[in-house]
Amino acid sequence: YREDSSPHFLQWWYFDSEFENGYSLMASMCPRAFGIVDEDGNRPDPTVTITITDPDLRNHHSRQYYPGEFSGDPDRMRVAIGQNRMECRDGRYQLQLNQDGLGCELEFIPQLPPWVPTPGHGGYMPRLLVWLSQMRWARGIYFHYSSLIPKAKVKGKLILPDQEVEVEGLGYHEQGRTNAPLQNVFTYWCWVRFYSGDWTFIFPLGESPRRTQHAKMRAL
């Protein structure tokens with residue numbers, strides 16, 4: 001967790017999973033959640049967002065803020081926001097979330113090594129960062145991204161308001177941090193991922209604003 005003088009500082013810990021019984025999970029833990037969605041008024045408080053989709057394609061969704069309820073460790077992978085937490089033990093990631101009767105208790109067992117671009121570089125958008133570096137307002141801008149679990153076996157349970165469901169499947173985890181106002185970085189953004197054998201393919205498709213001549217991002 002990095003304290004930053006920029007009022008635009010944003011950090012996210014993102015997880016998703018698809019399970020053999022037709023359920024799926026998307027969740028994000030944001031120690032600082034500036035600018036995630038416009039209707040939230042750009043609140044920088046720690047935030048946890050959970051979406052569970054059931055086999056009938058019904059979405060169960062919760063987003064809550066936790067002012068002053070963040071903790072983490074500088075020397076290991078652990079973050080806690082309210083009663084929600086994630087930590088890595090012996091190479092396995094434990095994710096426990098629960099709010100509004102919605103959550104999970106899952107273990108992510110990595111099947112591929114992490115992909116961590118050189119610190120200070122976006123990895124998938126160097127040409128965009130070149131354009132940004134030429135802008136006076138963008139001096140000191142950074143965008144760090146790490147796919148810490150490109151592919152994992154996931155097992156545990158999902159928590160729904162009226163039931164708990166045992167699950168097994170595949171999952172993914174990434175982390176990122178930036179002090180760039182996102183509306184100045186992306187005109188649009190589409191993110192696609194698929195598995196093929198021992199490979200994980202990740203395709204972010206996007207375009208930067210006019211001031212950077214609509215620089216295109218390339219796939220990971």
Side-chain angles (χ1 to χ4, degrees), residues 11-31 33 36-37 39-40 45-66 69-73 76-115 146-176 189-204:
Q11 182 177 358
W12 68 90
W13 297 49
Y14 170 83
F15 300 84
D16 69 42
S17 297
E18 292 185 339
F19 302 107
E20 296 171 358
N21 58 3
Y23 283 85
S24 62
L25 167 80
M26 293 178 63
S28 63
M29 304 175 71
C30 295
I36 294 294
V37 288
E39 62 265 26
D40 283 347
D45 298 318
T47 305
V48 176
T49 303
I50 306 168
T51 300
I52 296 176
T53 303
D54 64 27
D56 296 324
L57 301 182
R58 292 173 299 191
N59 287 331
H60 308 267
H61 181 76
S62 174
R63 176 186 291 121
Q64 288 189 17
Y65 297 95
Y66 296 84
E69 296 187 57
F70 168 80
S71 67
D73 293 332
R76 69 186 184 102
M77 297 289 284
R78 185 193 74 84
V79 60
I81 299 177
Q83 63 181 335
N84 306 285
R85 70 177 185 87
M86 193 291 298
E87 62 179 311
C88 181
R89 293 181 177 178
D90 299 324
R92 299 187 175 200
Y93 291 70
Q94 310 291 331
L95 178 65
Q96 296 186 0
L97 308 175
N98 197 327
Q99 60 189 24
D100 295 334
L102 195 68
C104 65
E105 295 181 9
L106 298 173
E107 182 177 58
F108 287 68
I109 306 170
Q111 303 298 294
L112 292 173
W115 183 74
S146 300
S147 179
L148 293 179
I149 309 179
K151 182 180 181 180
K153 290 184 178 179
V154 185
K155 61 181 180 179
K157 67 180 180 181
L158 300 179
I159 300 168
L160 295 159
D162 57 349
Q163 64 177 323
E164 294 185 356
V165 182
E166 298 292 325
V167 291
E168 290 188 15
L170 295 177
Y172 171 86
H173 168 52
E174 73 175 32
Q175 294 181 29
W189 165 268
C190 177
W191 182 87
V192 180
R193 185 184 78 255
F194 67 90
Y195 302 122
S196 178
D198 293 333
W199 294 82
T200 296
F201 294 87
I202 304 172
F203 290 89

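When all heavy atoms of His60 and Arg58 are compared, the closest pair comes out as CD2-O, 3.6 Å. Shown here for Trp12 and Cys30, the closest heavy-atom pair between the two residues is CB-SG, 3.9 Å. Nearest approach of Ile81 to Pro46, heavy atoms of both residues: CG2-CB, 3.8 Å. Of all heavy-atom pairs between Arg85 and Leu97, the closest is N-CD2, 4.5 Å. Of all non-hydrogen atoms in Gly91 and Pro110, the two that sit nearest each other are O-CD, 3.2 Å. For Ser17 against Gly171, the heavy-atom pair with the smallest separation is OG-CA, 3.7 Å.
Around the CD atom of Glu18, the shell of radius 6.0 Å holds no more than 12 heavy atoms that belong to other residues, nucleotides or ligands. The local environment of CG in Asp90 is sparse, with at most 12 non-hydrogen atoms from other residues, nucleotides or ligands closer than 6.0 Å. The environment of CG in Asn59 is crowded: more than 12 heavy-atom neighbours from other residues, nucleotides or ligands sit within 6.0 Å.
Looking at Gln99 and Tyr66, their side chains do bring a donor and an acceptor atom within 3.5 Å of each other. Checked by atom type, the side-chain pair Asp100/Gln64 shows a donor-acceptor distance below 3.5 Å.
Taking 4.5 Å as the limit, some side-chain heavy atom of Arg89 sits within range of a side-chain heavy atom of Glu87. The side-chain heavy atoms of Thr49 and His61, taken from C-beta on, include a pair separated by under 4.5 Å.
Rounding to the nearest 0.5 Å places CZ of Phe108 at 7.5 Å from CG of Asp16. Of the inter-residue distances, the one linking Glu107 atom CD with Gln94 atom CD reads 4.5 Å to the nearest 0.5 angstrom. The CD1 atom of Ile159 sits 8.5 Å away from the CG atom of Leu106 when rounded to the nearest 0.5 Å. Note: Phe15 CZ to Gln175 CD = 7.0 Å, rounded to the nearest 0.5 Å. Between the CD atom of Glu166 and the OH atom of Tyr23 there is a distance of 11.5 Å, given to the nearest 0.5 Å. Rounding to the nearest 0.5 Å gives a distance of 6.5 Å between CZ of Phe70 and CD of Gln11.
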### Message
Test side-chain contact (heavy atoms from CB on, under 4.5 Å) on Trp199 and Lys151; report intermediate values, then the result.
### Response
CA-CA 8 Å; Trp199 294 82; Lys151 182 180 181 180; over 6 Å; no

### Query
Passes side-chain contact (heavy atoms from CB on, under 4.5 Å), Leu170 versus Gln111? Steps please.
CA-CA 10 Å; Leu170 295 177; Gln111 303 298 294; 5.6 Å; no

### Task
Dump the intermediate steps for side-chain contact (heavy atoms from CB on, under 4.5 Å) on Tyr93 and Leu148, then the final yes or no.
CA-CA 10 Å; Tyr93 291 70; Leu148 293 179; 4.3 Å; yes

### Message
Between Leu25 and Ile50, does the side-chain contact (heavy atoms from CB on, under 4.5 Å) criterion hold? Intermediate values first, please.
### Response
CA-CA 8 Å; Leu25 167 80; Ile50 306 168; 4.1 Å; yes

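For Asn21, there are no side-chain hydrogen bond (donor to acceptor under 3.5 Å, both in side chains) partners two or more places apart in sequence or in a different chain. Residues passing the side-chain hydrogen bond (donor to acceptor under 3.5 Å, both in side chains) test with Arg78 are Ser71, Asp73, sequence neighbours excluded.
Asp54 places a side-chain N or O within donor-acceptor distance of the main-chain N or O of Asp56, the cut-off being under 3.5 Å. Between the side chain of Gln83 and the backbone N or O of Asn98, at least one donor-acceptor pair lies under 3.5 Å. At least one donor-acceptor pair under 3.5 Å links the side chain of Thr200 to the backbone N or O of Pro150. Between the Thr47 side chain and the Asp45 main chain, a donor and an acceptor come within less than 3.5 Å of each other.
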